[in-house]
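To start, the structure under review is shown below, and the notes come after it.
Quantities reported herein were computed from a predicted structural model and do not represent experimental measurements. Scope of the values below: all heavy atoms of this structure, side chains included, with no hydrogens, waters or symmetry mates.
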Amino acid sequence: MTEVVKPLRSIRSFVRREGRITPAQQRALKDLWPRYGIETSEVPLDFTVIFGRRAPVVLEIGFGNGDALAAEATAHPENNYIGIEVHRPGIGNLLHKLESLELKNARVMLADAKEILTAQIPEASLSGVHLFFPDPWPKQRHHKRRLVQPDFAALVLRKLVSGGYFHLATDWKDYADYMVSVLARTSGLVEVSELDEFRTMVASRGQTRFERRGRKLGNQIWDLIFQRKNS
């Protein structure tokens, strides 16, 4: 008998904790997904078809309940936004926000962001990538589960247009230091956090639920922005 070798499972940076879905979130998932949702497939996304226009596209990974994404889409109607999340209650919450705010420049995906970046986001197509308050996996033995790793940084770099940016935020100093160490070693990325243009971006970005919780605890917030070098 030939031994079947199973492929190694990739290490997940998240744990699915479904939690309670409110009636409003459930309704949004049922009624609003056809309007705002993007189904996963093996076919690269055509942003012009999805949004019905050509505009810069910003991807937010792990948007939580969608507060920051909805705020960004409202403040910057000139951009298109795609949010990726694995937790259905948060997706339902964002869908409800998009309807209430009558936003037309945002779409949602229920998926693993790393898989979507790999299979469905075209090369050199994103003007920006947002990663706000990802799970820090603080225990040393869990650091391998952190999303920001050399292979992930290289993946994000490939998806950014020339001059596109990668904006990260965390309230864990250890993770902030780790992010800097990984991204600074990624050839093609340069830190621009202190440039006036990007300091303004940091000051004006919407707060997430996790950030508000961290601030209440007195935690310092670290915003890091790296830019793809112009070709």
Side-chain angles (χ1 to χ4, degrees), residues 13-14 36 47 51 55-85 87 90-91 93-98 100-109 113 117 121 125-136 146-148 152-153 156-157 159-161 163-173 175-180 182-184 189-228:
S13 64
F14 58 87
Y36 297 108
F47 299 141
F51 291 98
V57 178
V58 177
L59 176 72
E60 181 169 343
I61 297 171
F63 57 74
N65 67 1
D67 286 350
L69 192 150
E72 288 283 329
T74 301
H76 298 284
E78 72 278 10
N79 294 335
N80 292 331
Y81 291 86
I82 295 177
I84 303 180
E85 180 56 72
H87 301 294
I91 291 175
N93 193 69
L94 177 58
L95 291 173
H96 179 68
K97 287 179 183 292
L98 297 181
S100 298
L101 296 170
E102 300 182 348
L103 293 174
K104 299 180 180 180
N105 62 331
R107 298 292 186 272
V108 183
M109 299 189 76
L117 278 167
I121 301 298
S125 65
L126 300 175
S127 293
V129 174
H130 295 170
L131 179 61
F132 298 149
F133 303 90
D135 194 325
R146 288 175 168 176
L147 181 58
V148 180
F152 180 74
V156 170
L157 173 66
K159 304 304 175 176
L160 290 174
V161 300
Y165 69 90
F166 186 17
H167 184 178
L168 312 93
T170 182
D171 61 343
W172 284 79
K173 184 179 186 303
Y175 200 6
D177 292 340
Y178 184 81
M179 289 173 172
V180 171
V182 169
L183 297 175
L189 288 177
V190 58
E191 186 171 7
V192 293
S193 306
E194 295 304 315
L195 296 183
D196 288 344
E197 172 189 355
F198 295 102
R199 292 179 72 174
T200 299
M201 179 187 297
V202 169
S204 63
R205 73 165 172 79
Q207 289 190 10
T208 72
R209 176 168 59 90
F210 295 104
E211 178 176 6
R212 289 193 294 271
R213 183 176 64 186
R215 289 184 182 277
K216 285 183 178 180
L217 294 172
N219 297 346
Q220 183 176 346
I221 307 299
W222 285 269
D223 276 271
L224 307 169
I225 303 180
F226 283 75
Q227 187 176 38
R228 178 172 179 170

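N65 places no side-chain N or O within 3.5 Å of a backbone atom of N93 that could act as its donor or acceptor partner. Side-chain atoms of S193 come within 3.5 Å of backbone atoms of I225 as a donor-acceptor pair (strictly under, hydrogens ignored). Put simply, the side chain of E85 gets close to the backbone of F63: a donor and an acceptor are under 3.5 Å apart.
More than 12 heavy-atom neighbours from other residues, nucleotides or ligands sit within 6.0 angstrom of CZ on R212. No more than 12 heavy atoms of other residues, nucleotides or ligands shown are found within 6.0 angstrom of CD on E102.
Within the model, atoms CD of Q220 and CH2 of W172 stand 14.0 Å from one another, a figure rounded to the nearest 0.5 Å. Rounded to the nearest 0.5 angstrom, S127 OG and H76 NE2 are separated by 12.5 Å. One distance of note links CD1 of I221 with OG1 of T170; it measures 8.0 Å at 0.5 Å rounding. The distance from the CD atom of E72 to the CG atom of N105 is 10.5 Å, given to the nearest 0.5 Å. From L101, atom CG reaches atom NE2 of H96 across 9.0 Å, with rounding to the nearest 0.5 Å. Atoms CZ and CZ, on R146 and F152 in that order, are 14.5 Å from each other to the nearest 0.5 Å.
At least one side-chain heavy atom of E60 sits less than 4.5 Å from a side-chain heavy atom of F132. The side-chain heavy atoms of Y175 and P134, taken from C-beta on, include a pair separated by under 4.5 Å. At a threshold of 4.5 Å between non-hydrogen side-chain atoms, the residues D223 and H167 count as touching. The shortest distance between side-chain heavy atoms of I82 and F47 falls below 4.5 Å. Residues V156 and L189 are not in side-chain contact: their nearest non-hydrogen atoms beyond the backbone lie 4.5 Å or more apart. The closest side-chain heavy-atom distance from L98 to V108 is below 4.5 Å. Between F226 and L157, the closest side-chain pair of non-hydrogen atoms is not below 4.5 Å. Two residues are said to be in side-chain contact when any heavy atoms from C-beta on lie closer than 4.5 Å; W222 and M179 fail this criterion.
For K104 against R107, the heavy-atom pair with the smallest separation is O-NH1, 3.1 Å. Across all their heavy atoms, P77 and T74 have their closest contact at CD-O, 3.7 Å. Taking each heavy atom of S125 and V57 in turn, the nearest pair found is O-CB, 4.3 Å. Closest approach of T208 to A68, counting heavy atoms only: CG2-CB, 3.8 Å. When all heavy atoms of N80 and A55 are compared, the pair lying nearest together is ND2-CB, 3.5 Å. Of all heavy-atom pairs between A106 and A73, the closest is CB-CB, 4.3 Å.
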Could you please spell out the steps behind the side-chain contact (heavy atoms from CB on, under 4.5 Å) verdict for F51 and N79? CA-CA 10 Å; F51 291 98; N79 294 335; over 6 Å; no
L217 and D171: side-chain contact (heavy atoms from CB on, under 4.5 Å), yes or no, with the steps? CA-CA 10 Å; L217 294 172; D171 61 343; over 6 Å; no
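Residue Y165 forms a side-chain hydrogen bond (donor to acceptor under 3.5 Å, both in side chains) with just one option from H130, E197, Q227, R228, and that option is H130. Here the options are L183, L131, V180, the test is side chain to side chain contact (heavy atoms under 4.5 Å, CB included), and the partner is L224; only V180 passes. Results of the salt bridge (Lys or Arg N to Asp or Glu O under 4.0 Å) test with D67 over R213, R209, K97 single out K97 as the only residue that passes.
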